[in-house]
Structures are given as structure tokens and as C-alpha cells.
Amino acid sequence: MNTLPESKPEPRYRDRLFIDGEWVEPAAGGRLPVVNPATERVFHEVAAATAEDVDRAVAAARAAFATWGTTTGAERAVYLRAMAAEVRARRDELAYMEVLDNGKPLPEAQWDIDDVAGCFDYYADLAEELDERQNERLELGADGFRGSVCYEPVGVAGLIVPWNYPMLMAAWKVAPALAAGATCVLKPSEYTPLTALEYGAVAEAAGLPPGVLNVLTGTGPEAGAPLADHPGVDKLAFTGSVPTGIKVMHAAAQHVKAVSLELGGKSPFIVFEDADVEKAVEWIMFGIFWNQGEVCSATSRLLVHEDIAPRVLERLREAAREIKVGDGQEAGTLLGPLVSETQYQRVLGYIDIGLAEGATLLTGGRRPTGLDQGYFLEPTVFVDVHREMRIWREEIFGPVLAVMTFGDEAEALALANDSDFGLAAAVMSADLERCERVSRALRAGIVWINCSQPTFTQAPWGGFKLSGIGRELGRWGLQNYLEVKQITRYESGRAWGWYLK
Ligand code: NAD
């Protein structure tokens with residue numbers, strides 16, 4: 001288990017934009033407050049980029065692409081590994097910033113930063129492998145022709161990320177984009193801009209050429225929309241909500257830009273009657289309370305077999321009440337505040353909706369006693385839930401679990417798949433054959449067996465249906481930033497002989 005760093009690092013909070021290797025003031029001079037969600041206090045201000053800054057950043061990325069786009073994977077891998085090393089060296093400082101900005105418990109933030117460094121190292125390896133895959137010979141099945149395939153970087157990538165894993169969601173895009181030879185303009189969420197700016201500092205420390213990575217803090221409408229709309233951007237990679245994803249896709253369509261979307265979810269967790277109660281409760285809680293439930297793949301719908309339900313729910317109520325809610329900086333905290341006032345009100349609104357719809361609170365649903373400041377909420381579990389209820393169908397994005405029971409496998413699957421989303425799903429049973437069968441039948445891009453949430457850089461990440469388009473991570477993540485080119489050579493000495501006989 002991680003512990004708090006013995007002496008708190010003193011982070012330097014940046015307040016400028018990072019464009020073309022320089023820290024610059026935003027053209028319109030605007031500022032945005034940075035709020036600590038555990039105290040509700042504004043502790044910093046960052047620059048608010050507007051369309052003019054987007055123009056500058058895209059121009060810098062375009063200019064840098066002329067050189068960066070021609071480097072080999074092996075050359076780029078050197079920079080990626082240097083970035084990984086720099087992140088690792090500053091791990092506790094970056095994790096602390098994430099706690100102040102997002103609210104998550106420090107050990108979770110440290111885990112995020114470790115994953116960021118691991119992601120850069122992983123894509124360094126893939127950049128090198130890419131060199132080996134270049135000019136792959138193609139069997140064309142025709143005499144006189146020789147075919148080959150090569151992979152070229154897509155150009156300038158616009159990367160728009162949310163607030164739940166600020167530095168990590170950016171890593172999932174920046175690392176493969178750089179590995180592929182693309183140049184980037186990164187736009188973090190206005191709620192959590194701090195660690196995104198640190199990518200600028202990390203790039204400087206790694207000696208990344210100016211313009212290869214640019215960072216613009218700003219709001220969605222003022223900075224995100226002009227980036228999505230910009231004709232100089234070749235590829236858009238977006239993680240966030242469905243309504244914004246639709247806007248981004250619409251903007252991409254105007255210029256026929258490549259687009260990948262990682263959107264929301266309402267993922268089911270099916271627990272069969274032969275599951276071990278202790279293990280089930282542990283993973284159910286990890287699936288919905290980790291990171292305050294602000295996880296796109298959170299298993300926020302529990303489907304538990306009616307025979308085991310009384311025991312699972314009794315243990316779940318008891319264990320959820322033991323979770324320490326508090327400031328993410330405090331040792332032992334397992335549930336921090338929600339990220340913002342807006343998100344807090346949204347989640348509280350869903351608790352009212354659930355009660356009005358006739359669901360019953362098994363536990364939670366209120367601000368914990370003694371925590372009068374900060375966006376804190378008790379771990380919350382709803383029972384007496386019906387499949388038409390909004391708390392069962394809509395993404396809440398908070399520590400709120402909705403529970404239904406089922407009688408057999410077919411019913412469980414029908415309930416699990418009855419969703420507009422298809423990001424993730426989990427199944428727990430002692431019968432592995434059943435787990436495999438159910439995994440195949442679940443309409444989701446990610447299926448966990450006998451666990452929920454563990455995520456690996458090597459494995460594809462993304463969803464079916466409203467949960468998005470495309471996959472990040474693994475080799476699929478690299479492909480997002482590559483164009484495929486075929487080169488076909490006519491090598492026969494014979495004349496073609498169609499017009500000229
Ligand atoms: P959001 O859609 O409000 O914002 C995401 C990003 O888009 C932010 O940077 C925001 O500033 C920007 N943005 C807003 N309006 C824009 C516009 N018109 N054009 C371009 N950019 C714009 O989402 P959020 O509240 O930050 O994040 C929560 C959502 O993200 C949840 O729905 C969650 O499920 C989803 N999410 C998905 C994944 C995944 O991998 N599938 C991962 C994390 C979060």
C-alpha cells in the first residue's frame with residue numbers, strides 16, 4: 001500500500017499556455033480558477049485559451065510535424081523514455097497536484113502517475129517495433145507487381161481529455177501520438193488543468209523539439225470547440241461525455257477528420273450464486289467507489305443472483321459504511337470529494353431522482369457527518385431498482401450503485417445488455433466456463449472476469465454503442481495516429497498493352 005510522502009512536495013503551479021516550446025500568455029488574457037474540491041477553495045488560476053491561441057498552437061504543431069513526422073520510431077522512443085523517466089522522477093509532486101485538482105486519494109493518484117510513466121515506456125517500445133513493420137511486403141497474387149505497406153503519422157492531433165484521470169487520460173493519447181510521429185495539441189478539462197501543463201515541463205526536460213507537444217488550458221466552448229473545428233488538425237482524439245463527443249464528431253465531419261471517441265458507460269457487474277461473498281463485495285466496491293465512481297468503466301449496475309443477494313447486500317452495506325471518506329491528502333482516505341460543485345450537484349440530483357422513482361437507499365446518499373466543506377458524498381447503494389429507472393439507465397459518474405437481482409443466466413444477460421452503452425462489463429462465478437460464455441454474450445468492449453476495473457496498457461480500451469468509436473491503448477492506440485499507405489510497383493519488363501498494342 002502506498003503512503004503519503006513524508007515531506008509534502010511544493011509544486012510549482014504553472015499559469016501560462018505551452019505553445020511551440022514556450023510558456024506564453026493567452027491572447028485574450030483570460031484566467032480560469034483552480035478549485036480544491038476537498039475545501040472548495042480557489043488556490044490557483046490558469047490561462048484561458050481562445051481560438052487565437054488554438055491557431056498558434058496548431059500552426060506550431062504543423063511546423064514541427066515537418067521534421068518530427070520524418071523521424072524513425074527508434075529516434076522518437078528516446079524522447080518517450082526520457083519523458084517516462086521525468087514523470088517517474090517527479091511522481092509524488094505530480095500525484096499531489098492531482099489530489100489538489102481532482103480530489104482523488106493520494107495512493108490512487110500515485111498509481112495514476114506510475115501508469116503515466118509506464119504508458120510512455122510502453123509506447124517507446126511500440127515506436128521501435130513500428131520501424132520493423134515498415135515496408136512490409138504484400139502478396140498481391142499478380143505477376144509483375146510488387147506491393148508493400150508502410151505506416152505514416154497522421155499529422156497534427158487534437159487531444160481533448162476529461163477530469164477524472166487528468167494526467168493518465170492525456171498519457172493514453174500523447175504517448176501513442178508521439179510514438180506514431182504525430183504532433184499534438186492537448187486540451188485538458190477546465191476542472192483539472194494542472195498536470196496537463198506539467199506535460200509541457202516534462203517535454204522541456206526531455207528535450208522534445210518545440211511545437212511537437214502544445215498544451216492549451218481553457219474551457220470546452222472557448223478552447224475545445226475551436227480545436228475540434230480547426231482545419232489544420234488531422235485527427236481528433238476525445239474522451240468525455242456523450243453530448244460533447246457528438247459535437248466533436250460533428251466538427252470532425254466538416255473536414256472529414258479522423259476521430260476516436262471514448263465516451264461514457266453504465267457497465268453491469270453480474271454476480272452468480274456460486275461466487276464467494278467476500279470477494280464479490282470487494283470487487284463490487286472497487287468497481288463503483290474507486291476514484292469516487294468517476295470512472296467511465298465503473299460497474300455502476302449490479303446484477304446479483306437472487307439466492308446470494310441477501311448475503312451480498314448485507315455485507316456490502318456493512319463494508320461500504322467502513323470506507324473512509326475525506327480529503328485525498330489524508331492517510332487512509334479511500335473516497336475523496338467529487339471533482340466540482342457541478343458534478344456534486346449532478347450526483348446529488350440523481351439521488352433525488354432515484355428516491356422519487358421509488359428506489360430505496362441501502363446505504364449512503366448524503367454528505368458524511370463532520371465533512372461540512374468539500375464535495376463529499378457517502379458511498380451510496382440503491383436497491384428496489386427497476387430497469388426503466390433513470391438511475392439504472394443513465395451514467396451518474398459518482399459513487400452510486402444501483403442493484404437488481406436475477407433468477408438465471410439468460411435474464412442476467414438480457415438485463416446487462418439492455419443499455420445504450422457498451423463500454424465495460426464484469427462477471428463473477430466459480431464456474432469459469434460460464435464466465436467465458438457470458439463474456440462472449442456481453443455487448444461491451446471490455447469484460448472483466450472475477451474482478452472489475454484492472455486496466456492494462458497492453459489491452460485495447462473502448463466501447464460498443466454510445467460508449468464510443470475506436471480503441472485506445474495497446475497496438476490499437478498506436479494505430480489511431482497512423483495512416484496506412486500501400487506502395488505498388490509495376491516491375492515487369494513487359495509493356496502494359498491496353499491502349500498501346
Ligand atoms: P465533458 O464532455 O464535459 O468534457 C470533456 C472535455 O471536452 C473537456 O476537456 C471539455 O473542456 C471539452 N469540451 C467541452 N465542450 C467541448 C466542445 N464543444 N468541443 C470540444 N471540446 C469540448 O466530459 P467530462 O465531464 O470532463 O468527463 C466525464 C465524461 O467522460 C463521462 O461521461 C465519462 O464516462 C467520460 N469518460 C470516458 C472515458 C473512456 O475511456 N471511455 C474515460 C474517462 C471519462
Side-chain angles (χ1 to χ4, degrees), residues 32 46 48-51 54 101-102 104 112 115 158-173 185-193 195-196 215-230 233 236-252 254 257 259-267 290-300 338-347 350 394-398 419-424 444-446 453 455 459-473 476-477 480:
L32 291 170
V46 291
T50 54
V54 172
D101 213 1
N102 165 278
K104 63 178 70 197
D112 285 7
D115 282 354
L159 314 176
I160 302 175
V161 295
W163 45 256
N164 59 342
Y165 292 88
M167 199 166 195
L168 187 58
M169 287 299 104
W172 288 14
K173 294 175 171 49
V185 179
L186 171 65
K187 209 300 278 172
S189 166
E190 49 272 52
Y191 293 111
T192 53
T195 48
V215 185
L216 299 179
T217 50
T219 66
E222 293 281 315
L227 181 60
D229 253 340
H230 204 290
V233 171
L236 285 169
F238 172 81
T239 299
S241 63
V242 173
T244 314
I246 291 170
K247 285 186 197 160
V248 167
M249 196 172 173
H250 193 264
Q254 308 314 305
K257 276 177 206 164
V259 62
S260 48
L261 303 174
E262 301 288 346
L263 307 178
K266 189 75 183 178
S267 301
W290 183 54
N291 208 55
Q292 296 70 247
E294 294 167 332
V295 182
C296 50
S297 57
T299 33
S300 50
L338 298 181
V339 71
S340 64
E341 170 75 28
T342 311
Q343 186 62 14
Y344 190 49
Q345 293 307 331
R346 191 180 132 86
V347 174
Y350 269 108
E394 297 175 16
E395 184 181 50
I396 298 175
F397 223 58
S419 172
D420 293 336
F421 297 103
L423 184 57
I446 303 149
Q453 306 306 317
T455 300
W461 185 270
F464 293 12
K465 302 191 261 182
L466 275 190
S467 294
I469 296 179
R471 295 292 178 271
E472 295 196 297
L473 296 182
W476 303 269
N480 274 333

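In each ligand, atom 1 is the first atom listed, and ligand 1 is the first ligand listed.
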Given L159, which of V185, L186, L236 fulfils the side-chain contact (heavy atoms from CB on, under 4.5 Å) condition? L186

Which protein residues come within less than 4.0 angstrom of ligand 1, counting heavy atoms only? I160, V161, P162, W163, N164, M169, K187, P188, S189, E190, G220, G224, A225, F238, T239, G240, S241, T244, K247, V248, E262, L263, G264, C296, E395, F397, L423, W461

Do L338 and F397 make a side-chain contact, defined as non-hydrogen atoms from C-beta onward lying under 4.5 Å apart? no

With sequence neighbours left out, the residues meeting side chain to side chain donor-acceptor pair (under 3.5 Å) with Q453 are S297

Name each donor-acceptor pair under 3.5 Å that joins a side chain in residues 215-223 to protein atoms two or more places apart or in another chain, with its distance.
unit_1: T217; atom_1: OG1; unit_2: A47; atom_2: O; d: 2.6
unit_1: T219; atom_1: OG1; unit_2: E222; atom_2: N; d: 3.1

Tabulate below the donor-acceptor pairs under 3.5 Å that side-chain atoms of residues 161-173 make, not counting sequence neighbours, or state none.
unit_1: N164; atom_1: ND2; unit_2: E294; atom_2: O; d: 3.1
unit_1: K173; atom_1: NZ; unit_2: T239; atom_2: OG1; d: 2.5
unit_1: K173; atom_1: NZ; unit_2: E472; atom_2: OE1; d: 3.3
unit_1: K173; atom_1: NZ; unit_2: E472; atom_2: OE2; d: 2.9

Test side-chain contact (heavy atoms from CB on, under 4.5 Å) applied to K187 and V54, step by step: CA-CA 10 Å; K187 209 300 278 172; V54 172; over 6 Å; no

